[in-house]
Amino acid sequence: MCTSFMSELMLGQHQLGTSTIVSRGSLTSPTTDTLKAALYLASATKNASTTVYNTTGEVSGIGYTAGGEVVTNATAPTSTNTSATAGVAFFTPSASITYNTVTLSTAFDTVLLYNSTQSNKAISVHTFGSQTITAGTFTLTMPTNNTSTALLRLATT
């Protein structure tokens with residue numbers, strides 16, 4: 001999870017699900033922000049200190065659009081108490097992220113999840129084994145949305 005994202009959550013800068021915010025008159029019926037997933041070369045430097053999407057080190061190739069794919073975001077964040085003193089909030093996009101009919105011949109191994117509605121603010125960086133693909137489909141399968149495997153998890157102790 002990007003460090004900047006954690007403080008931005010507390011500032012109310014990301015709307016990962018639909019919710020009525022009654023303390024702000026102009027936001028009584030906000031809509032879910034649009035999230036995107038961009039792929040990066042194995043040589044790129046993306047990590048928890050990444051604050052915004054940018055094209056430095058992003059893959060390029062046939063069928064890939066700069067900025068990546070829109071993430072299906074129909075599952076609202078959830079929270080639960082795991083004990084009397086601890087709780088977990090968690091979120092996973094509602095569908096796998098798929099890049100269709102792409103040719104990416106330079107090795108890539110990173111995806112940046114970011115909020116395109118909110119000035120392309122970074123949410124999280126995920127790495128996987130180095131890949132190349134020729135005229136195929138690349139799919140990032142999302143984990144189960146629960147307290148132990150969700151893509152994003154915040155926990156109290």
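Predicted model, so just to flag it, every value in this text is computed and none were measured.
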**Q** Testing the basics here: between S124 and H126, what is the closest heavy-atom pair and its distance to 0.1 Å?
**A**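 S124 and H126 have their closest heavy atoms at OG-NE2, 2.7 Å.
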**Q** Tell me, please, which residues at least two apart from S49 pass side-chain hydrogen bond (donor to acceptor under 3.5 Å, both in side chains).
**A**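 S49: side-chain hydrogen bond (donor to acceptor under 3.5 Å, both in side chains) contacts with N47.
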**Q** Quick one: do L154 and V88 satisfy side-chain contact (heavy atoms from CB on, under 4.5 Å)? Show the steps, please.
**A** CA-CA 6 Å; L154 298 172; V88 178; over 6 Å; no
**Q** For L112 and Y40, run side-chain contact (heavy atoms from CB on, under 4.5 Å): C-alpha distance rounded to whole Å, both residues' side-chain angles, the deciding distance at 0.1 Å, then the answer.
**A** CA-CA 8 Å; L112 170 67; Y40 287 86; 3.6 Å; yes
**Q** Among T50, L35, N120, T34, find the one that has a side chain to side chain contact (heavy atoms under 4.5 Å, CB included) with Y114.
**A**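 It is N120, the one option of T50, L35, N120, T34 that forms the side chain to side chain contact (heavy atoms under 4.5 Å, CB included) with Y114.
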**Q** What about F138 and Y64, are their ring centers closer than 6.0 Å?
**A**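 Ring centres of Y64 and F138 not closer than 6.0 Å.
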**Q** Less than 3.5 Å apart, which donor and acceptor atoms pair up between the side chains of residues 97-108 and the rest of the protein, not counting sequence neighbours?
**A**
residue : atom : partner : partner atom : Å
Y99     : OH   : A37     : O            : 2.8
T103    : OG1  : A135    : N            : 2.8

**Q** Please report the interatomic distance CD1(I123) to CG(L152), rounded to the nearest 0.5 Å.
**A**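 The CD1 atom of I123 sits 7.0 Å away from the CG atom of L152.
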**Q** Sub-3.5 Å donor-acceptor pair from the side chain of Q118 to the main-chain atoms of S116, do we have one?
**A**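 No, the answer is negative, given that no donor and acceptor are paired below the 3.5 Å cut-off.
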**Q** Just do the side-chain contact (heavy atoms from CB on, under 4.5 Å) check on V111 and L113 with the steps written out, would you?
**A** CA-CA 6 Å; V111 64; L113 183 67; 5.9 Å; no
**Q** Report the C-alpha separation of N145 and F90 in whole Å, then their side-chain angles, then the decisive distance to 0.1 Å, and conclude whether the side-chain contact (heavy atoms from CB on, under 4.5 Å) test is met.
**A** CA-CA 7 Å; N145 191 38; F90 53 96; 3.4 Å; yes
**Q** Indicate, with yes or no, if F91 and L140 share a hydrophobic cluster defined by side-chain heavy-atom contacts under 4.5 Å among Ile, Leu, Val, Met, Phe, Trp and Tyr.
**A**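 Yes, same cluster.
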**Q** Could you check whether N146 and S148, counting side-chain N and O atoms only, form a donor-acceptor pair closer than 3.5 Å?
**A**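 A pair is found: one side chain offers a donor N or O, the other an acceptor, under 3.5 Å apart.
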**Q** Identify the heavy atoms of L151 and P93 that sit nearest to each other, and give their distance.
**A**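 Residues L151 and P93, closest heavy atoms: CD2-CD, 3.7 Å.
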**Q** Specify the closest pair of heavy atoms between S94 and N73, including all atoms of both residues, with the distance to one decimal.
**A**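 Heavy-atom minimum between the residues: OG-N, 3.9 Å.
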**Q** Over all heavy atoms of both residues, which pair between E58 and T65 is shortest? Give the atoms and the distance, please.
**A**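 Smallest heavy-atom distance, with atoms named: OE2-O, 4.3 Å.
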**Q** Which heavy atom in M142 sits nearest to a heavy atom in A95, and how many Å separate them?
**A**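 Heavy atoms of M142 and A95 come nearest at CG-O, 3.3 Å.
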**Q** Output the distance between atom OG (S60) and atom CG (L39), rounded to the nearest 0.5 Å.
**A**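 That separation rounds to 11.5 Å.
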**Q** Testing the basics here: between T137 and T139, what is the closest heavy-atom pair and its distance to 0.1 Å?
**A**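 Answer, listing the atom of T137 first, then T139: CG2-OG1, 3.7 Å.
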